[in-house]
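Reviewing the structure listed below.
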Number of protein chains: 2
Amino acid sequence: MTTPHQSRADRRRATEARILAGARELFAERGFDRTTIRAVATAAGVDPALVMQYFGSKRELFTRAVQAFPAPPAPGGADALVDQLLATLGLKLGGLPEGTLAMMRSMLTDPAAAEQAREALGRQIDGIGAALSAADDPELRAALVITTLLGVTIGHQLLGLPALRDAPADRIAALLRPAVEALTEPGPSCGPRRPTA
Amino acid sequence: MTTPHQSRADRRRATEARILAGARELFAERGFDRTTIRAVATAAGVDPALVMQYFGSKRELFTRAVQAFPAPPAPGGADALVDQLLATLGLKLGGLPEGTLAMMRSMLTDPAAAEQAREALGRQIDGIGAALSAADDPELRAALVITTLLGVTIGHQLLGLPALRDAPADRIAALLRPAVEALTEPGPSCGPRRPTA
DNA sequence: ACTTTCGGTCAACGGCCGTAGAGTTAAACG
DNA sequence: CGTTTAACTCTACGGCCGTTGACCGAAAGT
């Protein structure tokens, strides 16, 4: 079973990685509350007490399992940013990191996860807001861009809405592009619709 | 304390209403798992066993507390629909019904709530999709509209992102309008951006 | 080879929860 | 008035969970 000869440190790292992998998977599909340390231990082929010994508490395990959340905030300049956002969304619609899914899954019911999510999303918003400083209300626009993408991701990955599940990722990205551009561009949309409501 | 003279049926309805109100409030702010029947009973000034006697189970209590979720799917015809969506979002950004909040709060971690949410959102998507039958992929477009609004609402109401909390509701609606229109309109956005990525 | 160290297990405690059943009080009804 | 009915409470069971401390066996150090 276990590869025959490896140092103690190697074994430790290996089982720690197995525990973290199991934790990420379970946190991602069941959320914080419904994921038991016992289940994580079983998934890792290990005794529950060992998980405690390694991570101290369920909270700490969650934090460690999720800490890869802060994806790159946003380097680009103007509307290449839109390309980038849609690319990461499009490509990863089928493959978001499990830590991110775990975070999103738990952020509405676990206050600590909510705080972590607020910080991570805030970083992204700040990054995008900086790139949008040409427009009015850049922060608000950035927040709307991020929450829009968040909503689509939730509907797609976490809720599994059929209308989104059945659509190819690049089609979603293509339809989303003008909407995101409309959020980032200062002027009125285009065709003379109506001034205000 | 209790208003002096009322029939047995009146008292029953009153306490049932008190229980439901407490349940809605707690489910909305803590989600299904973290809301205990004991806490609901305390909030209603009642013994926990009475909640069981009235509603049979915690599940049933949740279902009853949330059943007002399916807001009107969407009657309108074309882009008056956008007006309507943004109006309900704008007006209710500060006042969504607590049952809806409870539903949204729990849908990512409770499978039963997720199923209810999928049905409710599916109804809305179908309604909007019907109004969008002029465009290609009407259902997908409708799903993106709904998930976009969902994401903004989550960021605003459930996560409390500062950038959204500090913005007036009508400003949010105004910025969101061209984005939603971009999702519902068939043609390419407007200015000749770039054909594809 | 003896001892120490440490990855790992076992068994258990204490707490909180959903739920059930018997019991209590007072309004409805004859 | 006595009896019934129903709103409401008390008490407790059984289960699952996070967490703990004692214990075991093999690798590491001397």
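Chain letters run A, B, ... following the sequence lines, proteins first and then strands; every chain starts at 1.
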- Spatial distance of atom CD1 (B:I37) from atom OG1 (B:T42) [nearest 0.5 Å]: 11.5 Å
- Message: If you assign each of A:S57 and B:Y54 to its closest nucleotide in DNA chain D, which residue comes earlier from the 5' end?
- Response: B:Y54
- Query: Rounded to whole angstroms, how far apart are CZ on B:F55 and P on C:dG18?
  - Reply: 15 Å
- Partners passing side-chain hydrogen bond (donor to acceptor under 3.5 Å, both in side chains) against B:D33 (at least two apart in sequence or in another chain): A:R34
- Item | Any residue of residues 26-42 of chain A with a heavy atom less than 4.0 Å from an atom of DNA chain D | A:T35, A:T36, A:I37, A:R38
- Just how far, in rounded Å, is P of C:dA20 from CG of B:L50? 14 Å
Which atoms of nucleotides 23-28 of chain C (N or O only) lie under 3.5 Å from a protein N or O atom, and what are those distances?
unit_1	atom_1	unit_2	atom_2	d
C:dA27	N3	B:R8	NH1	3.3
C:dA28	OP1	B:R8	N	3.2

- Item | A:R141 side chain to A:L183 backbone, donor-acceptor under 3.5 Å | yes
- Item | Residues that A:A142 engages under side-chain contact (heavy atoms from CB on, under 4.5 Å), provided they are two or more places apart | A:I125, A:I128
- Given B:K58, B:R59, B:R105, the one that forms salt bridge (charged side-chain N to carboxylate O under 4.0 Å, His left out) with B:D110: B:R59
- Could you state the CE-P distance from B:M52 to C:dA20, rounded to the nearest angstrom? 5 Å
- Query: In terms of ring plane angle, is the pair B:F62 and B:F27 parallel, tilted or perpendicular, where the classes change at 30° and 60°?
  - Reply: perpendicular
- Where the side chain of B:R30 meets the backbone of A:T109, is there a donor-acceptor pair that is under 3.5 Å apart? no
- Message: The criterion is salt bridge (charged side-chain N to carboxylate O under 4.0 Å, His left out); which residues satisfy it with A:R13, sequence neighbours excluded?
- Response: A:D10
- Identify, between A:Q53 and B:G45, the residue whose nearest nucleotide on DNA chain D lies closer to the 5' end. B:G45
- Task: Evaluate whether atom CD of B:E98 has more than 12 neighbouring non-hydrogen atoms of other residues, nucleotides or ligands under 6.0 angstrom away.
- Result: yes
- Item | Cation-pi geometry met for A:R12 and A:Y54 (6.0 Å, 45°) | yes
- Query: Hey, are A:R171 and B:D136 close enough for a salt bridge, meaning a charged N less than 4.0 Å from a carboxylate O?
  - Reply: yes
- Note on the structure: Footprint ends on DNA chain D, 5' to 3', for atoms under 4.0 angstrom from a heavy atom of chain A, come out as D:dC17 to D:dA28
- Tell me: CG of A:D10 to P of C:dG7, nearest whole Å? 12 Å
